[in-house]
Amino acid sequence: MNFFLFLFLFLDDSSIDKIGIREMYQEATSNEDACIVLYELLKNDSTINLFSSKSAFYGGALSLMANYSKNPLKKLMYTKQADHVLDQSVNMDPKNFDARALRILFNSKAPSVFSNRGELKEDLYVFNQLNKNFSKTSKYNKWIISIINEVQTNPAP
């Protein structure tokens with residue numbers, strides 16, 4: 001396990017910042033152990049419902065847990081929870097870059113029974129508007145923007 005992720009296990013809720021969550025999420029997309037650490041960290045965060053970005057990353061972690069799960073019932077449970085949490089994060093702050101980006105990823109990859117193509121179109125529109133004013137300098141920002149651009153180029157059926 002990455003030392004960076006191991007360190008986060010010992011930090012209290014107030015020390016979890018946006019940059020740390022973004023880096024952890026990026027690593028979690030290709031590393032199941034990192035995903036479990038992020039999921040557990042956010043699941044136990046007492047401030048999750050106060051911040052749209054934290055809520056969005058929790059929804060993203062749930063979505064990744066569904067992806068990694070081999071158990072069909074757990075996959076279904078995580079997917080339903082991810083959909084609900086991501087919707088809540090967007091409702092909490094409709095102009096939140098992270099909430100829109102992670103809901104786009106969910107809706108573009110989730111099975112059609114769970115995906116909301118109307119939300120996907122709306123999120124892509126809002127994301128593009130937000131992207132015009134968003135700093136693209138960080139490694140995470142470049143990474144997430146490139147993924148969203150690919151979703152726009154190759155939309156799901």
Side-chain angles (χ1 to χ4, degrees), residues 4-5 8 16-32 34-43 45 47-70 72 74-157:
F4 175 73
L5 293 174
F8 273 99
I16 304 167
D17 64 5
K18 254 191 205 180
I19 294 168
I21 290 174
R22 286 175 171 166
E23 290 172 356
M24 291 178 74
Y25 178 80
Q26 185 174 0
E27 184 167 342
T29 61
S30 60
N31 180 323
E32 185 174 1
C35 179
I36 292 168
V37 169
L38 178 62
Y39 167 73
E40 289 296 329
L41 182 69
L42 291 171
K43 179 177 84 168
D45 187 329
T47 64
I48 197 84
N49 293 321
L50 301 176
F51 302 99
S52 180
S53 284
K54 276 189 183 181
S55 182
F57 282 106
Y58 180 55
L62 285 163
S63 178
L64 292 173
M65 290 293 288
N67 185 52
Y68 288 124
S69 180
K70 309 282 186 270
K74 283 189 175 186
K75 191 177 281 284
L76 177 64
M77 178 197 71
Y78 287 130
T79 300
K80 283 183 162 184
Q81 286 180 329
D83 185 35
H84 175 74
V85 170
L86 288 166
D87 286 347
Q88 277 186 314
S89 70
V90 170
N91 290 336
M92 203 182 304
D93 182 359
K95 293 186 178 182
N96 183 291
F97 181 86
D98 296 314
R100 292 292 181 164
L102 294 173
R103 194 166 78 166
I104 288 168
L105 295 181
F106 174 81
N107 279 318
S108 68
K109 296 178 191 268
S112 59
V113 226
F114 297 105
S115 179
N116 184 326
R117 298 300 177 215
E119 279 178 357
L120 181 58
K121 287 181 183 180
E122 173 192 336
D123 289 342
L124 286 167
Y125 175 79
V126 173
F127 180 84
N128 287 326
Q129 297 304 308
L130 293 171
N131 192 18
K132 290 177 184 175
N133 302 318
F134 200 75
S135 170
K136 299 172 184 132
T137 57
S138 80
K139 180 180 170 186
Y140 171 84
N141 292 352
K142 290 176 185 175
W143 173 77
I144 199 75
I145 290 167
S146 72
I147 292 173
I148 302 298
N149 286 339
E150 181 149 331
V151 167
Q152 293 181 91
T153 306
N154 304 310

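All values reported here derive from a predicted model rather than from experimental measurement. Computed over heavy atoms, backbone and side chain alike; hydrogens, waters and symmetry mates excluded.
Considering only heavy atoms from C-beta on, Thr29 comes within 4.5 Å of Trp143 through its side chain. Within the 4.5 Å cutoff, side-chain heavy atoms of Lys139 are placed close to those of Gln26. Looking only at side-chain heavy atoms (C-beta outward), Phe51 and Asp98 stay at 4.5 Å or farther from each other. Proximity of Lys95 to Asp93: side-chain heavy atoms (C-beta onward) are separated by under 4.5 Å at one or more points. Here the side chains of Gln152 and Asn128 are in contact, with some heavy-atom distance below 4.5 Å. Residues Leu64 and Tyr78 have side chains not in contact (no heavy-atom distance under 4.5 Å, counting atoms from C-beta outward).
Ring geometry for Tyr58 versus Tyr39: interplanar angle under 30°, hence parallel rather than tilted (30 to 60°).
Minimum interatomic distance between Arg103 and Asp87 (heavy atoms only, all atoms of both residues): NH1-OD1, 3.0 Å. Contact record, Lys75 with Ala66: NZ-O, 2.8 Å, taken as the closest heavy-atom pair. Residue Lys54 comes nearest to Ile21 through the heavy atom pair CG-CD1, 3.7 Å, listed as atom of the first residue, atom of the second, then distance. Among all heavy-atom pairs drawn from Val85 and Gly59, the shortest one is CG1-N, 3.6 Å. Across Ala61 and Tyr25, no two heavy atoms sit closer than the pair N-CE1, 4.3 Å. Taking both residues in full, the closest heavy atoms of Ser52 and Ala99 are given as OG-CB, 3.8 Å, listed atom of the first, atom of the second, then distance.
In summary, Glu122 and Arg100 engage in a salt bridge, as defined by a charged side-chain N under 4.0 Å from a carboxylate O.
Ile144 contributes atom CD1, which lies 9.5 Å from atom CZ of Arg22 (distance to the nearest 0.5 angstrom). Of the inter-residue distances, the one linking Leu124 atom CG with Lys121 atom NZ reads 10.0 Å to the nearest 0.5 angstrom. Taken to the nearest 0.5 Å, the CG atom of Asn49 stands 5.5 Å off from the CE atom of Met92. One distance of note links CZ of Phe106 with CG of Leu120; it measures 11.0 Å at 0.5 Å rounding. Here the straight-line distance linking atom CZ of Phe57 with atom CD1 of Ile48 works out to 10.5 Å at 0.5 Å rounding. We find the CE-OG distance between Met77 and Ser69 to be 8.0 Å, quoted to the nearest 0.5 Å.
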Val90 and Glu119: CA distance, side-chain angles, deciding distance, side-chain contact (heavy atoms from CB on, under 4.5 Å) verdict:
CA-CA 10 Å; Val90 170; Glu119 279 178 357; over 6 Å; no
Given the rule in the side-chain contact (heavy atoms from CB on, under 4.5 Å) test, do Leu62 and Lys80 qualify, once you have shown the distances and angles that lead to the verdict?
CA-CA 9 Å; Leu62 285 163; Lys80 283 183 162 184; over 6 Å; no
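If you check the side chains of Asn96 and Ser53, you find a donor sitting under 3.5 Å from an acceptor.
Each of Leu105, Asn107, Ile104, Leu102 was checked for a side chain to side chain contact (heavy atoms under 4.5 Å, CB included) with Leu86, and the lone residue meeting it is Leu102.
Judged by distance alone, the side chain of Thr153 and the main-chain N or O of Asn149 form a donor-acceptor pair under 3.5 Å.
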